Amino acid sequence: MTANPETGSPLWQILSNWGSLIPTILLLLALAGFSIARNLIRAALLIALAFLSLGLLFLSLGAEFLAFAQILVYVGAVAMLMLFTILLSRPSEREHAAAWLDGGELLRGFLIGIILTFILGMFIAASPLASQKFQNDFPAQTSLSLQAIGQALIGDAAASFLALAVLLTAALIGAAILAFDERP
Amino acid sequence: MIEELPTRLYAWFLQLLQKIGLPSIIVDIVGAFLIAISTCAVFLALFALTSVLERKILARVQNRLGPNRVGPFGLLQPVADGIKMLIKEDIIPHNADKILHFLAPVLALIPSLLVLAILPYGSNLVPVNLNSGLLYYFAISAIAEIAIFLAGWAGNNKYSVLGAMRAIAQILSYELPLATSALCVALAAGSLSLPQIVQSQNNYLLGLFPNWFLFTPWGLAAGLVFFIAALAETNRSPFDLPEGESELVAGHLTEYSGFKYATFFIAEYVGMFAICALFVTLFLGGWLPPLPFLAFIPSWIWFFAKVCFIAFVMIWIRATLPRMRIDHLLSFAWKFLLPLAFSAFFALLLWHYLGRNILSSLLSFAFIVAAYFALGYPFTQRYSPRKRTYLFSE
Amino acid sequence: MPLQFYLYLSAFLFSIGIGLALSRKNSILILAGIELILAAANLNFLAFWKHSSFLEDPSAPLFALFVIAIAASEAALGLALIIHLYRHTGSTSADSSNQLQG
């Protein structure tokens, strides 16, 4: 009765393609909705949806630890922080009534995005990778176990891990101090 | 034979579908749906039973009878409650965001049901055997937080927004002790996958005493921290300030009525069972029997018995303890539970690296007791008010 | 899905992130764009990892994990700064703090 995503049965091979397509469609829809959202809260929620679908994309790439870490951190922490910041920094009624999204903003962003996409796309297309054939089936066994990540964190990447811990502590203390409200 | 009853039923049903002549892809998909629907159905039935049993247990603790009108001993009360919720008018506030108002209950229910996929209900009875199952649980509960925020925001009401902020502050603060104590178990078992964690508790000291993680010194501390944090995560008493009826009306659920309110209720109860099941898996040995010769009783019966017992303890605590104030419960999480979880972590390191024997157990137990008293001392100070000075009178 | 799909997708996300960060007026949305940039880089790493023959090498998921942690801490600090700025100037618009004094 166990359904193990790591075995390569035909069902999972078909689903792995849909497993990449569905999050991609969700991501594109979320980004489109984010661009034309009517207020800030909806924009933040659609970005959270975009992060969630990115996590699902990581899952379809076979990195399940990273996918759940992404959902936990981005959706659970970053998106939540954005929502809280929106709550704590409500604009006055005058700003609210002003045009939330003017066409200039959207057009500028769109233009920058499209031009950069074309430039980067041309670089990708000109590289030798563009015409290589890759196996696109789900890996039959994920050779990377969690133990390998753990061993690397304690072994090879120990210094980076400790530095990251110090960085996160510093960020926590710094954010707490910055956001502390001194008014009674 | 009863042990393999679910597996055999499942296999028989799949064979039936194949005999009809459906292609194997469809059979696989229908099989996956069947697993998901049956798991959800079991827990929704448990929810229905718990909603009346909880009221009866609360009532008995308070020396009165619970609901006893509807069926024999009041057991058909959920039917009456369901009908009531379904025929209530669904009021949406005037300026509220209709999409968000509709989406919040749905988004609150989905994580509670998604979590049920990774729990090992018996030996060989886990719907999805993820390698990082424990991390999956925390990722999914992150989605539940956003649902609470949506619920508070969509009411278009300052008080429900405040209630939502308090609820999220509570859930975020208690996620850290929860994750740290679960981390202790993951380290001791050497894996993040829940069936593996249960398997690593599958030995018996002297052939008689179960080697569950709750019965180790660090496991006791981590288990209690996990249990208290679990009470707070699911907004149960004594941490039910966000949804108490006498606090800010109904807190973040003020503007919900009818079936949407019932959906939040279902989400809360199913979440409570899910976290009870997680506690049982991590600390009480999942589907393992307490004594090795009791293994003739099927493993899933042991699992559900343990889950119901822990749920009973949660209801018992609700009946007994008063509600905590928001600043009290937040300082309890940050100043007591989180350092205690870290000291449980250190006790685990002591226990593991000094050999897992009696001496290291005693040492780590002493460490935990010392940490408990050291951390709890500031909480025992009585509040002694300063001598009052009056400004305008003598 | 072939590697090129993920490469084009992450390039697209990267450019959308830069477009967002450069064009929106609200500071919170600029931060959202920056997070999107980091997530697109993660996607790139993992796509190359999966389509390589070194699936046992944990370097790529490890690097992606560090990127996620750093992105979270930078988001926390950025949002704390936005709140502080809001209390000082009364608005979250990026154009509102255009004076060196006050």
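Labels below follow one simple rule: chain letters A, B, ... track the order of the sequence lines, proteins then strands, and each chain is numbered from 1. As the structure is a computational prediction, the values presented were derived from the model and not from experiment.
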With a 4.5 angstrom heavy-atom cut-off, could you sort out which part of [X] is near chain C: side chain, backbone, both or neither?
X: A:Phe34; result: both
X: A:Leu54; result: side chain
X: A:Leu28; result: side chain
X: A:Leu31; result: side chain
X: A:Phe84; result: neither
X: A:Phe123; result: neither

Euclidean distance, [Y] [atom2] relative to [X] [atom1], rounded to 0.5 Å:
X: A:Ser127; Y: C:Gln4; atom1: OG; atom2: CD; result: 8.0 Å
X: A:Leu40; Y: C:Ile28; atom1: CG; atom2: CD1; result: 5.5 Å
X: C:Ser73; Y: A:Leu164; atom1: OG; atom2: CG; result: 7.0 Å
X: A:Leu27; Y: C:Ile16; atom1: CG; atom2: CD1; result: 9.5 Å
X: C:Phe66; Y: A:Leu153; atom1: CZ; atom2: CG; result: 5.5 Å
X: C:Ser23; Y: A:Phe110; atom1: OG; atom2: CZ; result: 12.0 Å

*Is there a donor-acceptor contact under 3.5 Å linking the side chains of C:Tyr86 and A:Thr85?*
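Side-chain D/A pair, C:Tyr86 to A:Thr85: absent.
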Which atom names give the shortest non-hydrogen contact between [X] and [Y], and what distance separates them?
X: C:Trp49; Y: A:Ala63; value: CZ3-CB, 3.9 Å
X: A:Ala175; Y: C:Leu77; value: N-CD2, 3.6 Å
X: A:Leu168; Y: C:Ala69; value: CD2-O, 3.9 Å
X: A:Thr117; Y: C:Ser15; value: OG1-OG, 3.1 Å
X: A:Met82; Y: C:Ala32; value: SD-CB, 4.0 Å
X: C:Gly19; Y: A:Ile112; value: CA-CG2, 3.9 Å

_Here's a test for you: under side chain to side chain contact (heavy atoms under 4.5 Å, CB included), which of C:Asn42, C:Leu65, C:Leu62 qualifies with A:Leu66?_
C:Leu65
Quick one: of [options], who has the most non-hydrogen atom pairs under 4.5 Å with chain A?
options: C:Glu74, C:His84, C:Glu35; answer: C:Glu35
options: C:Phe14, C:Tyr8, C:Phe12; answer: C:Tyr8
options: C:Leu7, C:Leu43, C:Leu9; answer: C:Leu43

Identify which part of [X] has an atom lying under 4.5 Å from any heavy atom of chain A, answering side chain, backbone, both or neither.
X: C:Ile68; answer: both
X: C:Phe45; answer: neither
X: C:Leu13; answer: side chain

*Count the heavy-atom pairs under 4.5 Å between each of A:Ile114, A:Thr24, A:Ile47, A:Asp156 and chain C, then report the option with the highest count.*
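The residue among A:Ile114, A:Thr24, A:Ile47, A:Asp156 with the greatest pair count is A:Thr24.
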*asked:* As an exercise: rank A:Ala77, A:Ala176, A:Gly121 by heavy-atom pairs under 4.5 Å with chain C and give me the winner.
replied: A:Gly121
*Within a strict 4.5 Å, meaning less than it, do heavy atoms of the A:Leu57 and C:Leu46 side chains meet?*
no
_Side-chain touch C:Ile83/A:Leu178, heavy atoms, less than 4.5 angstrom_ =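 They are not in contact (no side-chain heavy atoms under 4.5 Å apart), so the answer is no.
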*I would like to know whether C:Tyr6 and A:Ser60 meet side chain to side chain contact (heavy atoms under 4.5 Å, CB included); could you show each step before the answer?*
CA-CA 11 Å; C:Tyr6 289 107; A:Ser60 81; 3.4 Å; yes
